[in-house]
Asks: 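Take this structure first; my questions come after.
In what follows, chains are A, B, ... by sequence order, proteins preceding strands, each numbered from 1. Given the structure is predicted, the values throughout are model-derived calculations rather than measurements.
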Amino acid sequence: MVERLFTLIGRGLVLASLLIGCAPERAEGVRTLRVRGSTTEALWVHRLAELWSERRPEVSVAVAGGGSSVGVAALIAGQVDLAAVSREPLPLEKVMAQRAGVELVRTVVGCDVVALIVNADNPVEALRVEDAAGLLSGGVVDWERWGLHAPVRVFGRAPSSGTHAVVREALLAGDYSPSAMALSGHSQVIDAVRETPGGLGYVSMAALELSDDGVRVLGLIGEDGEVLWPDDPEHVASLRYPLVRPLLQLSAGEPEGAVADFLEFGRSPEGQSLAASMGFERIPEAWEPR
Amino acid sequence: MTPTSDRLARALSGVATVLSVGLLVGLLGVLLFRGLGALWGPPPTLSPAELGALRPEEQASFLSAFRAHPGLGELLFGGTWSPEDPVQPRFGAGGMLLATGLTALTAMGIAAPLGLGAAAWLVCAAPAGLRSLVRPFLELLAGIPTVALGLVALVLIEPLLSAQPGGHGGLSALNGALMLAFMALPTVTALSVRALESVPADRIRASLALGADRWQTLLRVSLPSASAGVAAAVTLGLGRALGETMIVLMACGNALEPTLNLLDPVRTLTATLALEFDATHPGSGHREALYAVGLLLFVLTFTVNLAGELLFARQEARS
């Protein structure tokens, strides 16, 4: 019995090694452009890659998410050609890149706006920045002050998310509330806020383009008392609304060849109008491409 | 079988054994080396040139974060986990340890009575025809991919739980525990069946001959002599639940705050590794801390599984 089992395993191994040996050789000239990182940016880069592949059929594009930090770590480790990052590179990442002998070159390929969202039944319209910070960091635990009898539930993202980092950087002095949940994507955050009366979340406006039933976008009250809205073109273009962020592609060294061509296509009118149709913003004039 | 093919089969299977055992030992070695290194090795450092790449205002806050190192006490009992805090990084995995224990123990609290009950019915009371249907079905249940159970947690259990008053939404320790129980149930049942079946038939016949009915025989004769095997079944089920990742990642909401309330969202050790590892950089304090978390998880599941195997061996020896 045992003997027969071993023979079977042995035959399986022989078969497996034969199959591996027969894997098709990759045709000459075809290569893969590997992009990994921001889940926000992946919404757009997927479609961008499809359009670009029609012009450059000899290069296939593999787009993966995972979060901005995952993209940068993969770029430094040499596993990808481009890291999609929806925030500025962190000090730690600069050090790690230098240690690995990789020069991180940033290219601005788009502009995204992050919005705070609440349940549609929550009467709050806009928040002062310090109140938003209190709610997100756990200092304020209920919505009584805004006329809703419900505990605050913060629905956030994992620390690898660029959105997570951008909101913390712009609004919070420290870290998020320890009771904030880490969900895997924008649509999960939107779903959770829709179902929870006291829910509070942060998502890309592009994700709200796909579904915003049952949730409401909050304005942020600036220092002069003016309410700034994420969907007001002027508040966004002037960067007065605090949660406007660049969508970056980081490359290891100056982009060249197919990598440079892909980035150029992303910044071209065709790439930018695709981004606009998906709910991303025009790149503000104040931002340099590099 | 000809002698040549016999020799070939022996050689190949020998290679397969050496490869698989070697790989496992290698993995274990890396985990121990990295985990112990993270806890007691030299802390990660930064060279002057690397520091020079930073803007002056980034340097001061950054240095403290980079030189930080998890200590065993903080890792086991600390309640705050913010490994990339630029001012004062914290490596307290106590909350996650609590969450891992809370979800897995609750799951076994559900799966143990159900699995034992089903096993008792299958061995003592089920008609032979039905038994031959139910047993393979239970074993098939063990093959459900855990990501499918995670989807059940999101689509079916989450709306049910979030409708409960006093709950904080349906992604919680309870949601994960329910799915973990479902995942471990086939293991617990199958191993309990094995334990009950290993009770010598003459003991059962003797009990019945003395006038005890089947129920009395189960309670007074079968269960006591199968106790070590049943304990092994539950312990091995617990081992599976402690190490499971996908279900708890999808069902539990992943909030870091330490809690014992089953309706609160929790983040387990496994979920933290899955969420954070591939976003960390080699040599950083954060990655070191995750190696230590991995070691902690390994020691936990290894101890529980070892206990299960020992109990099982005792049962086999007893029968």
Asks: With a 4.5 angstrom heavy-atom cut-off, is it the side chain or the backbone of T80(B) that approaches chain A, or both, or neither?
Replies: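 For T80(B), neither part sits under 4.5 Å from chain A.
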Asks: What's the spacing between E158(B) CD and D191(A) CG if we round to 0.5 Å?
Replies: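 That separation rounds to 8.5 Å.
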Asks: How long is the straight-line distance from CD of E257(B) back to CE of M181(A), given to the nearest 0.5 Å?
Replies: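 Spacing of CE (M181(A)) from CD (E257(B)) equals 11.5 Å.
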Asks: Distance check, rounded to the nearest 0.5 Å: S160(A) atom OG versus D278(B) atom CG?
Replies: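 So the OG of S160(A) and the CG of D278(B) are separated by 7.0 Å.
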Asks: Tell me which of these, A192(A), G198(A), A180(A), has more heavy-atom pairs under 4.5 Å with chain B than the rest.
Replies: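 Most heavy-atom pairs under 4.5 Å with chain B: A180(A).
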Asks: Who wins among P159(A), A182(A), A73(A) for the most heavy-atom pairs under 4.5 Å with chain B?
Replies: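 Heavy-atom pair counts peak at A182(A).
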Asks: Is there any residue in residues 166-179 of chain A with a non-hydrogen atom under 4.5 Å from a non-hydrogen atom of chain B, and which ones are they?
Replies: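 Result: D175(A), P178(A), S179(A).
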Asks: Considering only heavy atoms and a distance below 4.5 Å, find which of G95(B), A271(B), A255(B), P258(B) pairs most often with chain A.
Replies: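 That would be A255(B).
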Asks: Output the distance between atom OG (S184(A)) and atom CE (M250(B)), rounded to the nearest 0.5 Å.
Replies: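 CE of M250(B) is found 7.5 Å from OG of S184(A).
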Asks: Mind checking the CZ-OG spacing from R153(A) to S162(B)? Nearest 0.5 Å is all I need.
Replies: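 Between R153(A) CZ and S162(B) OG, I get 12.0 Å after rounding to 0.5 Å.
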